[in-house]
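Just so it is clear: chains get the letters A, B, ... in the order the sequence lines come, proteins before strands, and each one is counted from 1.
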Number of protein chains: 2
Amino acid sequence: MADVAAEAHVSVKTVSRVVNREPGVRRDTEQRVRGVIDRIGFMRHDGARILRQGRTQTIALVVEDLANPFYSQIGAAVEREARIRQHQLITASAEGSPTRERVVLEGLINRRVDGLVVVPAGERPATDPTVSASGTPIVYVDRPVRGEPCDTVISDNPGGVRSAVEHLVANGHRRIAFLGDDAEFWTARQRREAFVAIHDALGLPGDTRIAMGPHTVESLAPRLDAWSRERTPITAVITGNNRVTLNALHAMRQVGIEMGLVGYDDFELADLIEPAVTVVHQDPTSIGQKAVLQLFARLLGDESPAQTVVMPTRLIVRESGRLPASLRARKALP
Amino acid sequence: MADVAAEAHVSVKTVSRVVNREPGVRRDTEQRVRGVIDRIGFMRHDGARILRQGRTQTIALVVEDLANPFYSQIGAAVEREARIRQHQLITASAEGSPTRERVVLEGLINRRVDGLVVVPAGERPATDPTVSASGTPIVYVDRPVRGEPCDTVISDNPGGVRSAVEHLVANGHRRIAFLGDDAEFWTARQRREAFVAIHDALGLPGDTRIAMGPHTVESLAPRLDAWSRERTPITAVITGNNRVTLNALHAMRQVGIEMGLVGYDDFELADLIEPAVTVVHQDPTSIGQKAVLQLFARLLGDESPAQTVVMPTRLIVRESGRLPASLRARKALP
DNA sequence: TTGTATGCGTTATCAT
DNA sequence: ATGATAACGCATACAA
């Protein structure tokens with residue numbers, strides 16, 4: 001900028017005015033300055049600008065695994081919304097480790113990002129000293145944190161599970177099992193609890209059959225096989241997220257089991273598998289959008305109490321919820 | 001930092017030394033300073049540090065669509081490699097528009113990112129004035145740019161297509177069509193050209209049947225239907241990337257066609273579809289890793305001539321490459 | 001071992 | 001309409 005000023009025989013302040021389109025510059029001086037800028041290829045150093053103004057025009061997204069389609073769709077939405085608002089997005093992965101998450105968050109706060117969208121790893125308390133002390137607005141996504149209320153966007157897990165169970169029951173299923181992901185995850189636990197609640201509320205028979213992860217194809221195959229061979233065999237299973245659904249599908253294929261299935265999370269090609277998989281769909285794009293919306297409200301000075309937004313889920317009915325013909329005999333109960 | 005200095009009765013320089021673990025600080029002074037730091041919750045302002053040092057410890061990734069699994073896997077790999085090297089990653093999407101890409105790149109250069117990994121939109125010439133003038137190292141991924149040579153990581157498209165064709169031929173297919181994505185994409189054109197070359201080299205019969213995109217399920221269904229009803233019907237098709245593969249699968253299902261298929265790009269559940277889909281796999285993780293490796297070599301002062309790295313592809317044989325029984329009659333040719 | 005002065009490139013304040 | 005100067009928060013060079 002100093003170079004430009006010297007070359008154009010003006011002060012740096014005038015150059016600054018031109019660059020930032022501030023008023024108070026004569027037409028011809030502006031032309032002259034612009035000429036010099038183009039000629040020597042000047043580009044403003046945003047680092048210095050940031051230092052002076054205090055706003056980085058940057059927000060950050062911290063997730064567990066950027067390659068997981070659920071998170072990458074959230075990421076795409078967050079980037080888009082940020083870009084629309086002239087902000088850049090730093091993405092970071094904590095790889096599911098609370099320790100790494102703290103390191104990552106500290107790094108981002110040192111950078112003075114304007115705000116954070118975080119899928120919290122583990123059950124981190126909301127009062128993370130480093131974060132809360134910095135005053136950086138933060139919106140949690142997909143799972144809440146403990147402690148004092150924070151802005152949070154989650155999806156309606158109980159509603160999603162309920163729609164899954166009710167769909168299966170409507171199709172004649174009575175003995176339904178639940179395959180959740182690792183109980184370490186809040187979402188996994190919440191879905192399990194919802195399952196138990198609905199199961200009881202509908203008065204479904206028997207002790208609820210539930211297995212929490214982590215699951216692999218190898219662990220799932222014998223499990224499903226056993227459940228389908230018991231005295232009172234299950235006729236359907238609900239899988240707790242996309243990972244589990246995929247593994248369960250592989251396991252069923254491996255063992256050659258035929259049973260009802262409703263999966264949590266939609267996935268590409270769910271409709272091309274035989275039978276097409278009925279799923280509980282949560283819309284990652286909307287979740288990401290909503291989170292950014294809330295974040296920018298805070299950045300613009302919204303001081304209202306922290307709010308938790310629960311996004312609705314949608315049951316996408318395909319075929320896998322039906323009662324397989326081979327199991328229909330058992331349906332003839334009261 | 002000044003606050004800490006005042007509180008601890010030392011100079012800012014001493015605080016700086018403590019924060020950066022520089023030697024030359026007495027044990028007890030360090031303790032005292034650390035105490036103050038913890039007490040008042042001081043966090044170093046990296047923006048100022050950057051301004052002084054000139055390095056932002058940040059690289060950026062520019063892609064077309066962060067939600068596309070191919071790019072999100074590259075993104076995950078790039079983030080991971082960056083994090084290992086103490087760098088943060090800014091991700092940005094140009095949404096396939098060269099115009100937007102320029103805006104995005106300018107923004108990143110204003111931020112003085114240390115380096116760029118870019119999936120170029122369109123056929124942008126390498127000599128983008130803003131980028132090349134800034135001297136920011138840049139590695140192109142997935143498709144090359146025109147003009148003077150640049151560091152580039154692409155995958156072996158001709159090899160991938162050849163393995164697909166040869167596999168189909170080995171399974172008895174003779175009349176094979178190619179469904180490429182939009183010819184605007186370099187990869188789409190390169191794969192098409194490779195297909196034509198192999199087709200001719202193997203002396204396959206007839207004029208090569210090729211259709212470039214953009215394709216939809218609706219456009220694909222009649223096309224495939226027509227091709228399979230001609231006097232000399234095709235028995236197999238090669239799809240040019242994951243998008244086309246998905247649409248083609250849907251179209252086939254819709255029209256009820258049975259034909260051989262090899263898809264470009266592996267995808268989740270390819271093995272659960274009936275028949276399981278044989279694919280040409282390019283490893284996005286390796287591609288991302290390699291790109292970052294090259295970028296950091298440049299950042300560390302590597303001045304060697306620009307190099308283009310061609311990553312190998314791998315044919316994952318499943319079932320869809322076989323000659324369907326219904327078409328086997330036609331196989332009895334010389 | 002510790003401190004002082006200076007500068008990074010920009011914007012804000014207050015002049016002229 | 002334009003400019004001089006301070007300040008942002010830190011690191012660097014040099015001094016004590």
Side-chain angles (χ1 to χ4, degrees), chain A residues 1-37 40-58 86 106-114 133-136, chain B residues 1-37 40-58 86 106-114 133-136:
Chain A
M1 212 152 182
D3 298 349
V4 177
E7 197 80 6
H9 304 293
V10 294
S11 74
V12 285
K13 180 59 202 176
T14 301
V15 179
S16 175
R17 275 192 258 265
V18 171
V19 170
N20 298 311
R21 294 179 171 72
E22 285 173 32
V25 180
R26 266 214 329 262
R27 224 22 194 308
D28 55 333
T29 25
E30 173 172 350
Q31 295 301 329
R32 188 154 38 92
V33 172
R34 285 213 182 285
V36 175
I37 286 177
I40 71 177
F42 165 80
M43 304 200 73
R44 180 176 62 197
H45 190 311
D46 276 344
R49 165 175 244 245
I50 285 164
L51 180 60
R52 200 49 240 264
Q53 300 197 320
R55 278 254 172 148
T56 55
Q57 303 278 102
T58 305
Q86 323 273 22
E106 273 187 33
L108 293 168
I109 290 181
N110 283 350
R111 292 272 175 124
R112 300 296 192 270
V113 294
D114 293 334
S134 76
T136 311
Chain B
M1 211 150 180
D3 298 349
V4 178
E7 196 80 4
H9 304 292
V10 294
S11 73
V12 284
K13 178 59 204 176
T14 300
V15 179
S16 173
R17 275 192 258 265
V18 172
V19 170
N20 298 311
R21 293 182 174 71
E22 287 173 31
V25 181
R26 263 213 332 260
R27 226 15 195 317
D28 55 332
T29 14
E30 175 172 349
Q31 295 302 328
R32 187 152 38 94
V33 172
R34 286 213 182 286
V36 175
I37 287 177
I40 71 177
F42 165 81
M43 304 201 73
R44 179 176 64 197
H45 190 310
D46 276 344
R49 165 176 245 246
I50 284 164
L51 182 59
R52 195 56 234 267
Q53 299 196 319
R55 278 252 171 147
T56 54
Q57 303 281 98
T58 305
Q86 323 272 24
E106 273 188 32
L108 293 168
I109 288 180
N110 283 349
R111 292 272 174 126
R112 300 297 193 271
V113 293
D114 293 333
S134 76
T136 310

Self-check item: Terminal axis angle for the helix from C:dT1-D:dA16 to C:dT16-D:dA1, five pairs an end, nearest 10 degrees
Solution: 40°

Report yes if the side chains of [X] and [Y] come closer than 4.5 Å at any heavy-atom pair, otherwise no.
X: A:Arg32; Y: A:His9; answer: yes
X: A:Arg55; Y: A:Asp114; answer: yes
X: B:Met43; Y: A:Ile109; answer: yes
X: B:Thr58; Y: A:Arg111; answer: yes

Quiz item: Between A:Arg44 and A:Asn20, does a side-chain contact (heavy atoms from CB on, under 4.5 Å) hold up when you go through it step by step?
Solution: CA-CA 10 Å; A:Arg44 180 176 62 197; A:Asn20 298 311; 2.5 Å; yes

Quiz item: Which residues pass the side chain to side chain contact (heavy atoms under 4.5 Å, CB included) test with B:Gln31, sequence neighbours left out?
Solution: B:Arg27

Quiz item: What pairs with B:Asp28 under side chain to side chain contact (heavy atoms under 4.5 Å, CB included), at least two apart in sequence or on another chain?
Solution: B:Arg26

Quiz item: Step by step, would you call B:Ser11 with B:Thr14 a side-chain contact (heavy atoms from CB on, under 4.5 Å)?
Solution: CA-CA 5 Å; B:Ser11 73; B:Thr14 300; 3.4 Å; yes

What is the distance, to the nearest angstrom, from the [atom1] atom on [X] to the [atom2] atom on [N]?
X: A:Asp3; N: C:dG9; atom1: CG; atom2: P; answer: 9 Å
X: B:Arg55; N: D:dA11; atom1: CZ; atom2: P; answer: 16 Å
X: A:Ile50; N: D:dC10; atom1: CD1; atom2: P; answer: 15 Å
X: B:Asn110; N: C:dG9; atom1: CG; atom2: C1'; answer: 12 Å

Quiz item: Under a 4.0 Å heavy-atom cut-off, which of residues 13-29 of chain B touch DNA chain D?
Solution: B:Lys13, B:Ser16, B:Asn20

Quiz item: Looking for any heavy atom pair under 4.0 Å, which part of the strands does B:Val12 touch: base, sugar-phosphate only, or nothing?
Solution: nothing

Quiz item: Taking only residues two or more places apart in sequence, or in another chain, which ones meet B:Glu7 in a side chain to side chain donor-acceptor pair (under 3.5 Å)?
Solution: B:Arg39

Quiz item: For B:Arg49 and A:Asn110, what are the C-alpha separation, side-chain angles and deciding distance, and is it a side-chain contact (heavy atoms from CB on, under 4.5 Å)?
Solution: CA-CA 10 Å; B:Arg49 165 176 245 246; A:Asn110 283 350; over 6 Å; no

Exercise. Report the C-alpha separation of B:Leu51 and A:His45 in whole Å, then their side-chain angles, then the decisive distance to 0.1 Å, and conclude whether the side-chain contact (heavy atoms from CB on, under 4.5 Å) test is met.
Key: CA-CA 9 Å; B:Leu51 182 59; A:His45 190 311; 4.3 Å; yes

Listed pairs, N/O of protein and of nucleotides 7-9 of chain D, under 3.5 Å:
unit_1 : atom_1 : unit_2  : atom_2 : d
D:dA7  : N3     : A:Arg52 : NH1    : 3.0
D:dG9  : N2     : B:Ala48 : O      : 3.4

